[in-house]
Amino acid sequence: MNLGSRNKKWTMAAATAAVMLAAGACGSGDSGGEGGGGDKVSITFAYWGSDARQKLTEEVIKKFEEKNPTIDVEGDFSNWDSYYEKLATKVAANDAPDVMSIEIRGLAEYAGRGALADLAGKVTTGDLDQQVLTSGQIEGKQYAIPTGVNTFSMVANPSVLEKAKQKMPEDKDWTWPQWIELAKQISASGDGTTGAEYNYNPAWLQIFAAQKGEKFYDGNKIGVSPATLKEWWAIHQQLIQAKAAPEAAKSSELLTAGPEQSLLATNAGAMGMWWSNQLNALSKASGQELTLLRMPKTEGASASGMFLQPAMFYTASAKSDHSAEAHKFIDFLVNDPDAASILLSDRGLPTNTKVLATVKDKLPAVDQKTLAFIDEVKGELSPIVAPPKGAMEMEDILKRNTEEVLFGKTTPDAGAEKFLSEANAALAG
């Protein structure tokens with residue numbers, strides 16, 4: 001997923017803001033309370049996603065309004081590619097949605113610009129996973145409430161492996177060379193399927209770096225060494241050279257198309273890396289029973305490098321005229337069993353332990369599998385903290401430099417130097 005250029009977004013947003021303000025960008029009306037004289041209060045909830053998520057969100061909004069008849073919630077839906085550009089424009093125009101979905105890379109960015117309200121004491125959090133909850137804190141303030149949790153993992157199609165006469169790997173101790181060899185054997189089986197597909201998600205590099213004892217973010221700088229970055233790129237190159245994965249151009253095309261068009265989802269591939277909460281969408285697209293696996297390790301690594309991360313966060317505008325209602329809506333989304341019964345794992349498995357226990361038996365079989373996987377590996381997962389400002393640019397910077405190396409436009413040495421220079425400049429602001 002490409003979050004685009006942070007500076008470009010905010011520059012464009014600032015330019016657009018004056019136009020919106022001059023046009024009388026709407027405020028939320030009277031402040032505080034539930035509205036006077038029985039009038040309804042209206043709040044806006046901004047979020048991104050697929051058509052399926054939009055349908056679920058409209059359903060959960062309807063349930064909230066049934067329980068809170070004096071509050072109307074207007075859903076402000078966008079696809080992923082346009083979400084942050086649209087949100088940045090609204091925030092710059094002082095017309096921010098009352099409740100906003102933000103993923104972890106954007107948290108420091110928006111909190112640092114004074115766009116987010118401190119939710120400490122405003123939303124009930126006693127039953128939430130407290131370690132996960134801290135990931136929504138910036139400089140000690142609780143700017144965000146996690147929607148649910150997931151982990152970046154390997155997804156495999158057992159039927160494809162069986163067809164290629166290969167066994168499911170023992171994922172507790174498999175290594176990157178073993179993954180490459182398995183993918184090579186699957187591709188060479190002659191049935192037309194590809195062994196593996198890779199991506200440029202910084203989560204993969206973060207996991208790989210942690211296995212080497214390095215941090216992706218070390219304060220406000222990149223903690224990944226040039227040697228580790230080049231070794232990571234070498235895995236991509238080995239996959240391509242062994243015909244265990246598509247050529248770089250094809251991989252780039254697949255990544256742009258999204259998970260539903262991936263080799264895994266179209267039954268043209270055996271293994272791929274995705275967030276665990278994407279198992280449902282991948283399984284539906286493929287029509288197959290897919291399996292979550294631990295990520296392979298670097299030989300001799302003492303830690304898996306995998307981490308538990310909120311799928312996204314709910315945040316409230318610091319300038320909302322209806323903050324009480326915004327907080328009430330967020331509280332409903334994370335603490336009400338009726339909300340969880342509708343959303344299930346769409347935004348990650350609930351972090352509220354009581355709510356999760358209530359809806360556990362209602363989860364579809366694929367979500368039960370995701371829950372069982374996270375329970376199994378949870379003790380191996382590292383805690384996650386919100387990355388610094390500039391993290392929103394990392395995927396774009398990493399993708400661009402990775403493609404330059406894989407397409408042969410630059411050497412790994414020059415690519416590593418360029419990536420670190422651009423990444424550190426983005427973090428410096």
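Keep in mind that the numbers below use all heavy atoms, side chains included, and drop hydrogens, waters and symmetry copies.
Annotation: the span from Asn277 atom CG to Asp367 atom CG amounts to 9.0 Å, rounded to 0.5 Å. Annotation: the span from Ser135 atom OG to Phe313 atom CZ amounts to 3.5 Å, rounded to 0.5 Å. One distance of note links CG of Leu420 with CG of Asn401; it measures 9.0 Å at 0.5 Å rounding. Distance check: Arg105 CZ to Ile102 CD1 gives 13.0 Å after rounding to the nearest 0.5 Å. Annotation: the span from Asn335 atom CG to Asp127 atom CG amounts to 7.0 Å, rounded to 0.5 Å. Distance CD1/Ile330 to CG/Asp98: 9.5 Å, rounded to 0.5 Å.
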Using atom types as modelled, flag every donor-acceptor pair under 3.5 Å from a side chain in residues 256-264 to any protein atom, sequence neighbours excluded.
from, atom 1, to, atom 2, distance (Å)
Thr256, OG1, Ser252, O, 3.0
Ser262, OG, Pro259, O, 2.7
Ser262, OG, Ala265, N, 3.1

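For Glu170, the CD atom is densely surrounded, since the number of other residues' heavy atoms within 6.0 Å is greater than 12. Heavy atoms of other residues, nucleotides or ligands lying less than 6.0 angstrom from NZ of Lys86 number more than 12. Heavy-atom contacts from other residues, nucleotides or ligands closer than 6.0 Å to CD of Glu162 number 12 or fewer. By the 6.0 Å contact criterion, NZ on Lys184 is open, its count of non-hydrogen atoms from other residues, nucleotides or ligands being 12 or less. The environment of CD in Glu289 is sparse: at most 12 heavy-atom neighbours from other residues, nucleotides or ligands sit within 6.0 Å.
Counting heavy atoms from C-beta on, the side chains of Tyr47 and Thr147 never come closer than 4.5 Å. Side chains of Leu133 and Gln142 form a contact here, defined as non-hydrogen atoms less than 4.5 Å apart. In this structure, the side chains of Ser153 and Met306 come closer than 4.5 Å at one or more pairs of heavy atoms. Phe208 is not listed as a side-chain neighbour of Phe216, based on a closest heavy-atom distance of 4.5 Å or more. The closest side-chain heavy-atom distance from Val91 to Arg113 is not below 4.5 Å. Counting heavy atoms from C-beta outward, Asn150 and Leu349 have side chains that stay 4.5 Å or more apart.
When atom types are taken as modelled, the side chain of Ser286 and the backbone of Ser283 share a donor-acceptor pair closer than 3.5 angstrom. The backbone N or O of Lys243 sits less than 3.5 Å from a side-chain atom of Ser187, completing a donor-acceptor pair. Although no hydrogens or angles enter the test, the distance criterion places a donor-acceptor pair under 3.5 Å between the side chain of Gln211 and the main chain of Thr298. Under a 3.5 Å cut-off, the side chain of Asn352 and the backbone N or O of Val355 do form a donor-acceptor pair. Asp72 contributes no side-chain N or O that, together with a main-chain N or O of Glu65, makes up a donor-acceptor pair within less than 3.5 Å. At least one donor-acceptor pair under 3.5 Å links the side chain of Gln130 to the backbone N or O of Leu128. Judged by distance alone, the side chain of Gln131 and the main-chain N or O of Ile384 form no donor-acceptor pair under 3.5 Å.
For His327 against Ala316, the heavy-atom pair with the smallest separation is CD2-CB, 4.1 Å. Across all their heavy atoms, Asp191 and Ser189 have their closest contact at OD1-OG, 3.0 Å. Minimum interatomic distance between Phe407 and Ala248 (heavy atoms only, all atoms of both residues): CE2-CB, 3.0 Å. Nearest heavy atoms, Tyr217 versus Pro387: CE1-CB, 3.4 Å. Among all heavy-atom pairs drawn from Asp331 and Thr124, the shortest one is OD2-N, 2.9 Å. The two residues Ile342 and Val60 make their nearest non-hydrogen contact at CD1-CA, 3.9 Å.
Screening residues 359-380 for ring-ring contact (aromatic ring centres under 6.0 Å, His included) gives no qualifying pairs among residues at least two apart or on separate chains. Among residues at least two apart or in separate chains, ring-ring contact (aromatic ring centres under 6.0 Å, His included) pairs with a member in residues 248-289 are Phe152-Trp275.
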Please lay out, stage by stage, how Ser304 and Glu380 fare under the test side chain to side chain donor-acceptor pair (under 3.5 Å).
CA-CA 7 Å; Ser304 73; Glu380 306 166 22; 4.8 Å; no
Can you check side chain to side chain contact (heavy atoms under 4.5 Å, CB included) on Lys141 and Leu116, steps first, answer last?
CA-CA 10 Å; Lys141 293 187 177 182; Leu116 307 180; over 6 Å; no
Start with the C-alpha distance between Thr70 and Lys40, add both sets of side-chain angles, then the distance that settles side chain to side chain donor-acceptor pair (under 3.5 Å), and finish with yes or no.
CA-CA 5 Å; Thr70 61; Lys40 285 188 175 183; over 6 Å; no
Go through the steps for Glu253 and Lys250 under the test salt bridge (charged side-chain N to carboxylate O under 4.0 Å, His left out), then give the verdict.
CA-CA 5 Å; Glu253 177 185 326; Lys250 179 63 177 178; 3.5 Å; yes
Is there a side chain to side chain donor-acceptor pair (under 3.5 Å) between Thr151 and Arg294? Walk through the geometry before answering.
CA-CA 10 Å; Thr151 186; Arg294 294 170 174 85; over 6 Å; no
Gln185 vs Gln166, test: side chain to side chain donor-acceptor pair (under 3.5 Å). Steps then yes/no.
CA-CA 8 Å; Gln185 294 301 323; Gln166 298 296 320; 4.5 Å; no
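In summary, Glu66 and Lys63 engage in a salt bridge, as defined by a charged side-chain N under 4.0 Å from a carboxylate O. A salt bridge links Lys399 with Glu403: the closest approach of a Lys/Arg side-chain nitrogen to an acidic carboxylate oxygen falls below 4.0 angstrom.
Relative orientation of the Trp176 and Trp179 rings is perpendicular, given thresholds of 30° and 60° on the angle between their planes. Between Trp48 and Trp80, the ring planes lie perpendicular to each other; the angle is over 60°, past the 30° to 60° tilted range.
Partner Asp336 forms a salt bridge (Lys or Arg N to Asp or Glu O under 4.0 Å) with one of Lys328, Lys67, Lys354 and no other, that one being Lys67.
Side-chain contact annotation: Asn79 with Ser82, donor-acceptor N/O pair under 3.5 Å present.
At least one cation-pi condition fails for Arg400 and Tyr200: the charged atom is not both under 6.0 angstrom from the six-membered ring centre and inside a 45 degree cone around its axis.
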